Amino acid sequence: MLDRLEKLLEWGGTRRKVALLSVSGLALLMSMLGMEPLPFEVSWIAIVLCGVPVVLEAVLGLATAWDIKAGVLVSIALIASVIIGEDFAAGEVAFIMQLGELLEELTVARARKGIERLVRLTPATARKVEGTREEVIPAEEVRIGDILRVLPGETIPADGVILSGHTSVNQSVMTGEPLPIDKEAGDEVSSGTVNQFGTFDMKAARTGKDSSIQRMVRLVQSADAGKAKIVRLADRWATWIVAIALVSAGGTWMATGELIRAVTILVVFCPCALVLATPTAVMAAIGNATRHGFLVREGDALERLSCVSHLTFDKTGTLTKGVFNVTAIHPGECSEERLLELAALAESYSDHPISRSLREAYGREIDAGRV
């Protein structure tokens with residue numbers, strides 16, 4: 001029974017929540033404007049669509065793990081508001097709670113968006129060499145000890161050691177270094193990195209889930225990018241919050257004899273502002289960091305930044321653009337233009353970043369007849 005209820009609450013995911021919030025928000029707006037097109041109070045649409053999931057989640061948490069969180073207090077306030085006829089207040093509380101949960105989900109999705117890029121970097125095929133025969137096989141079928149051939153422009157399918165050949169490998173996905181690294185026989189290469197210039201044969205050492213790119217994917221997937229510390233702190237103290245709210249509401253009812261005042265205490269105690277404001281701030285910060293090329297693994301990391309006093313940068317491309325430029329020429333006996341022309345000609349058939357910078361500095365079409 002509880003398993004079915006849990007699956008029902010998870011059905012539809014983010015799309016379901018967006019749809020329910022859209023309809024509920026429209027219903028609450030109509031109620032505020034005094035529009036009553038239905039034979040019942042339109043706020044009940046928000047109560048049913050947003051409030052019922054909140055109550056069910058609170059009941060599920062209590063039944064399975066005696067998990068008293070902010071949702072329990074919200075559920076009590078929601079039910080009490082309905083009992084005294086404050087339908088709009090009940091619908092508003094339910095709407096804000098569901099909106100806060102949606103923002104949390106969007107925060108997690110944005111923080112982990114980099115996983116999709118990492119997964120796309122995992123090669124789908126590999127070239128297996130057996131004697132003089134070369135066969136293209138699915139990357140997941142590569143085994144330790146297999147001899148693999150990697151052509152220019154292909155993604156390296158497994159971790160291993162180069163047996164023969166000389167090349168340059170773009171390792172930016174693993175190290176952040178934008179410039180290619182020269183590799184030759186005996187050097188190690190990692191899966192997910194890109195072979196740029198030469199063809200080489202390698203021996204697979206780590207494959208599948210043990211490869212470097214897959215370990216990186218699992219590392220990001222395991223990160224908790226959900227609730228920030230302040231929200232988890234509120235959940236941890238939720239038992240006391242619920243107890244204080246109930247005692248305060250009961251005392252107010254006994255002192256005044258007015259149930260609406262007691263319900264007001266419950267509604268005011270609801271941590272709606274906290275639930276809504278925290279994920280909104282975290283989502284905005286993560287989105288801004290993503291636009292600037294930073295992958296934030298967890299929302300709590302943003303809070304810890306307030307305590308940082310020193311930063312250390314060790315990667316080209318973090319503080320620099322990772323692009324070579326000719327800044328000075330020391331020609332010796334020939335002119336600067338002639339020396340630059342000779343250098344550009346010598347590098348005319350290379351796609352190495354330094355070669356490109358020399359050709360760009362020369363800025364004209366290379367005339368081999370002048371050499």
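A quick note: this is a predicted structure, and the numbers were derived from the prediction, not measured.
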| query | Short question: side chain of Ser22, backbone of Val18 - any donor-acceptor pair under 3.5 Å? | reply | yes
| Okay, side chain of Ser24, backbone of Leu21: is any donor-acceptor separation there less than 3.5 Å? | no
| Check: Asp159/Ser190 side-chain N/O donor and acceptor closer than 3.5 Å | no
Gap between atom [atom2] of [Y] and atom [atom1] of [X] - 0.5 Å precision:
| X | Y | atom1 | atom2 | result |
| --- | --- | --- | --- | --- |
| Glu184 | Phe200 | CD | CZ | 12.5 Å |
| Leu259 | Ile83 | CG | CD1 | 8.0 Å |
| Leu342 | Leu358 | CG | CG | 11.5 Å |
| Asn170 | Ile156 | CG | CD1 | 10.0 Å |
| Ile162 | Glu188 | CD1 | CD | 10.0 Å |
| Asp146 | Glu130 | CG | CD | 7.5 Å |

Can you confirm whether [X] sits close enough to [Y] that some side-chain heavy atom of one is under 4.5 Å from a side-chain heavy atom of the other?
| X | Y | result |
| --- | --- | --- |
| Pro152 | Thr199 | yes |
| Val150 | Val189 | no |
| Leu28 | Ser43 | yes |
| Ile244 | Val247 | no |
| Asp182 | Phe197 | no |
| Cys50 | Met97 | no |

Cluster overlap [X] with [Y], hydrophobic side-chain contacts below 4.5 Å:
| X | Y | answer |
| --- | --- | --- |
| Val129 | Ile137 | no |
| Leu99 | Met32 | yes |
| Phe40 | Leu26 | yes |
| Leu29 | Val48 | yes |
| Val23 | Ile47 | yes |

Exercise answer: donor-acceptor pairs, residues 325-334 side-chain atoms, under 3.5 Å, sequence neighbours excluded:
none

Other residues, nucleotides, ligands: >12 heavy atoms within 6.0 Å of [X] [atom1]:
| X | atom1 | result |
| --- | --- | --- |
| Glu141 | CD | yes |
| Leu163 | CG | yes |
| Arg356 | CZ | yes |

Minimum heavy-atom distance between [X] and [Y], given as atom pair plus value:
| X | Y | answer |
| --- | --- | --- |
| Ser355 | Glu347 | OG-OE1, 2.6 Å |
| Glu337 | Tyr362 | O-CE1, 4.3 Å |
| Ala262 | Thr252 | N-CG2, 4.2 Å |
| Ala27 | Ile45 | CB-CB, 3.8 Å |
| Leu20 | Leu49 | CD1-O, 3.6 Å |
| Ala344 | Arg359 | O-CG, 4.0 Å |

| Knowing that exactly one of Gln196, His166, Gln171 qualifies, which makes a side chain to side chain donor-acceptor pair (under 3.5 Å) with Lys183? | Gln171
| query | Does any pair with a residue in residues 76-91 pass side chain to side chain donor-acceptor pair (under 3.5 Å), and if so which ones, sequence neighbours excluded? | reply | Trp44-Asp87
| field | Those residues that, when tested against Glu135, pass salt bridge (charged side-chain N to carboxylate O under 4.0 Å, His left out) (two or more places apart) | value | Arg133
| task | For the pair Glu154 and Arg127, find out whether any cationic side-chain nitrogen is under 4.0 Å from an anionic carboxylate oxygen. | result | yes
